[in-house]
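Just the heavy atoms: all of them, side chains too, but no hydrogens, waters or symmetry mates, feed the values below.
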2 protein chains.
Amino acid sequence: MRDVARLAGVGVKTVSRVVNGEPNVSADTAERVRRAAAELQYEPDLHAGNLRRADGRSHTIGLLVSSVANPFAAQVHRAIERVATEHGYAVFATSLEDDPVAEQRAIAALSRRRVDGYVVTPVHDDQSYLRVHLDRGTPLVCIDREPAGIDVDSVVTSNYDGARDAVRHLVAHGHRRIAFLGDLERIQTARLRRAGYLDELADAGITPDPALIVLDLHDDASATAVTRRLLTLPEPPTAIFSSQNLVTVGAIRALQQLGLEHDVALVGFDDVEAGDLVKPRVSVVAQDPDRIGRLAAERVFARIGGDGGPARQIVVPTRLVVRGSGEIARPEAQRGGS
Amino acid sequence: MRDVARLAGVGVKTVSRVVNGEPNVSADTAERVRRAAAELQYEPDLHAGNLRRADGRSHTIGLLVSSVANPFAAQVHRAIERVATEHGYAVFATSLEDDPVAEQRAIAALSRRRVDGYVVTPVHDDQSYLRVHLDRGTPLVCIDREPAGIDVDSVVTSNYDGARDAVRHLVAHGHRRIAFLGDLERIQTARLRRAGYLDELADAGITPDPALIVLDLHDDASATAVTRRLLTLPEPPTAIFSSQNLVTVGAIRALQQLGLEHDVALVGFDDVEAGDLVKPRVSVVAQDPDRIGRLAAERVFARIGGDGGPARQIVVPTRLVVRGSGEIARPEAQRGGS
DNA sequence: CTGAAAGCGCTAACAG
DNA sequence: CTGTTAGCGCTTTCAG
């Protein structure tokens with residue numbers, strides 16, 4: 001910057017003014033400075049500036065997700081990036097792989113880089129250790145899961161209501177023996193989906209059969225095995241509600257292996273890629289990662305912008321996507337039996 | 001930091017030494033400093049340090065991809081992040097959405113943030129405008145597509161050989177009328193895949209039928225329409241090589257609509273999510289995003305580490321994934337005809 | 001409208 | 001082993 005000033009024959013402050021588009025520079029001088037900057041290929045150093053700048057903004061936010069390679073997280077990421085770009089912000093994305101230690105490390109790394117805000121998918125059971133950063137005034141918004149131990153904005157999917165929608169849909173097609181394939185119970189969203197399943201059954205006057213409820217599934221292989229077992233029960237389910245992405249894939253595979261995919265209804269929670277190439281096409285309760293990301297980013301920027309209101313909990317509704325697998329009716333043969 | 005020094009009763013430089021793990025501090029003093037730092041919740045400011053630090057490293061790299069939401073890019077991103085984390089680096093990811101203007105803007109934004117290196121999926125036809133940054137000594141590695149106009153490291157998929165593998169596989173199953181569904185010709189990788197298709201046909205002694213070659217497809221809807229048209233030709237293809245992700249999905253849908261999915265062979269370039277739930281399961285020539293990302297990151301860090309060797313072009317081979325759709329043999333009825 | 005001096009938080013270079 | 005001084009590239013403050 002000194003070089004630019006010298007070349008343009010002005011003081012450094014004038015260069016600063018031109019670079020930052022501040023007023024009180026004659027058009028003539030400004031032009032001279034711009035030419036000098038171009039000639040020297042001058043690029044202002046954002047960080048050096050922030051060091052002294054009044055607001056001290058780094059124009060950077062941090063995003064913590066399970067994995068940037070996870071399709072859901074990746075779409076959230078894209079939505080956040082879009083909002084960030086509008087605000088002239090860049091985003092650091094970090095993958096946690098569900099490791100609480102990584103969560104802390106990542107926050108520390110971003111804090112040292114002086115990010116202006118965080119969007120976090122909590123891994124820890126307790127986020128109270130984040131107070132330190134909140135005290136500093138750096139805003140934090142939780143997505144996907146409600147935070148514990150701190151009072152911050154959050155944007156989550158309507159896990160409970162979405163699960164109820166799925167089950168209600170199956171009940172409406174005559175099913176009463178509806179299996180539940182649940183994700184790890186230690187995950188908050190998994191518990192909410194299970195609760196939705198149970199409550200909807202109760203409201204429909206159906207007594208849940210414990211034999212049809214399997215929890216703590218997390219990958220497609222185990223989901224396939226479990227589904228096969230359920231389907232070969234003396235009294236198998238006539239419908240399945242699988243509460244997670246990979247579990248749904250596993251269930252589909254099991255149905256295909258047994259040749260039952262056109263006989264047993266299936267609704268999954270969370271959309272499945274290429275889910276409409278499978279036969280029958282798979283019906284799901286879809287989340288809205290784009291909207292979650294956008295809303296979370298808007299919350300962060302509102303806070304950065306000075307919004308000091310009470311913490312807001314935003315719930316993003318799911319959408320029932322009817323494609324075929326969820327609309328298979330209960331077999332007539334069983335109608336009489338109930 | 002001054003506060004920490006005061007509280008610990010030492011000079012700022014001693015605090016600096018402790019924070020950075022430099023030698024020449026007595027264990028006793030170090031402990032006192034650490035305690036003071038903890039009490040004040042001191043977090044060093046990485047950027048302030050870099051301003052004066054000899055190497056001036058920001059410990060940050062920038063990644064430019066088509067979209068962080070794109071599954072291929074997201075996996076590359078994850079792989080790069082893994083390597084970056086090992087080196088204590090954070091990564092800025094930016095989506096370009098194939099917009100050349102965005103490419104320049106993104107580079108400028110990262111340059112102002114003084115990233116130590118770039119990993120770029122080129123959008124521009126000509127990257128020579130990047131010379132500026134290279135001259136500054138900031139390394140840049142291109143992925144997915146070869147750069148034009150600059151001499152830098154690159155890591156790309158073996159598009160040409162992969163396409164030949166796919167076609168050879170179909171030929172080995174008796175096919176001679178093999179359709180080609182190509183991506184936008186302005187994309188370098190699309191041209192390479194087309195070239196591989198044509199050369200492999202030539203080597204097999206097959207004269208390509210222009211009626212079976214469709215270029216400039218980019219989404220699944222148009223691919224579906226085109227595939228339907230091809231399959232209803234008087235002399236339809238007995239096999240299809242679709243050269244891109246979404247195009248493959250479109251082709252599958254068309255095959256399903258016409259009930260031909262078990263009669264016409266299909267091999268796609270690039271893996272299709274849940275491609276093994278479809279019946280028949282879809283055979284593909286898979287890329288290796290994980291390896292591409294890892295190698296690209298390793299190149300960047302080698303350059304950051306001082307490697308001044310000539311630019312290296314790394315080609316990552318594809319892998320033929322045999323799942324069923326590509327192994328459908330040419331119908332016997334047609335055998336006599338050729 | 002413009003520039004000189006001070007200082008942001010930190011590290012380099014040196015002197016104790 | 002430790003502290004002091006200078007200065008990284010920039011913006012603030014304030015005097016022209």
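Considering only side-chain N and O atoms, A:T14 lies nowhere under 4.0 angstrom from the phosphate OP1 or OP2 of C:dC1. Not one side-chain nitrogen or oxygen of B:T29 sits closer than 4.0 Å to the OP1 or OP2 atom of D:dC1.
Distances were taken from every side-chain heavy atom of A:V10 (C-beta onward) to each of C:dC10, C:dG3, C:dT11; the shortest belongs to C:dG3. In the set D:dG9, D:dT12, C:dA12, D:dT12 carries the atom at the smallest distance from any side-chain atom of A:K13. Residue B:S16 places its side chain closer to C:dT11 than to any other of D:dC1, D:dC8, C:dT11.
Nearest-nucleotide assignment on DNA chain C puts the 5′-proximal partner with B:R53, out of B:R53 and B:R17. Both A:V12 and A:S26 sit near DNA chain C, but only A:S26 has its closest nucleotide nearer the 5' end. When each of A:R2 and A:D55 is assigned the nucleotide of DNA chain D with its nearest heavy atom, A:R2 is the one assigned upstream, toward the 5' end.
Note: CG (A:N20) to C1' (D:dT11) measures 8 Å, nearest angstrom. A straight line from CG of A:L51 to P of D:dT12 spans 12 Å, rounded to a whole angstrom. Protein atom NE2 of A:H59 is 15 Å distant from nucleotide atom P of D:dC10, rounded to whole Å. Between the CZ atom of A:R114 and the C1' atom of C:dC8 there is a distance of 12 Å, rounded to whole Å. As a whole-Å value, the separation of B:R52 CZ from C:dA13 C1' is 8 Å. Rounded to whole Å, atom P of D:dT13 lies 11 Å from atom CD of A:E22. Computed from coordinates, the A:N24 CG to D:dT11 P distance equals 16 Å when rounded to whole Å.
The pair B:R35-B:E39 does not meet the salt-bridge criterion, since no charged nitrogen lies less than 4.0 angstrom from a carboxylate oxygen. Salt-bridge check for B:E298 with B:R291: failed, with every basic side-chain N at 4.0 Å or more from each acidic carboxylate O. Between B:D45 and A:R114, at least one side-chain nitrogen of the basic residue sits less than 4.0 Å from a carboxylate oxygen of the acidic one, meeting the salt-bridge criterion.
Side-chain contact between B:F301 and B:D307: absent, with no pair of heavy atoms (C-beta onward) separated by less than 4.5 Å.
Judged by distance alone, with hydrogens and angles left aside, the side-chain atoms of A:R191 form a donor-acceptor pair with the main-chain N or O of A:R186 at under 3.5 Å.
The line from CD of A:E103 to NE2 of A:H124 is 6.0 Å long, rounded to the nearest 0.5 Å.
Checked options A:V12, A:T14, A:L7; the residue passing with A:V10 is A:T14 (criterion: side-chain contact (heavy atoms from CB on, under 4.5 Å)).
Residue-level contact check: B:N50 touches neither bases nor backbone, having no heavy atom under 4.0 Å from any strand. Using a 4.0 Å heavy-atom cutoff across all strands shown, B:D45 reaches sugar-phosphate atoms only and no base atom.
Rounded to 10 degrees, the angle separating the terminal axes of the helix from C:dC1-D:dG16 to C:dG16-D:dC1 is 30°, with each axis obtained from five end pairs.
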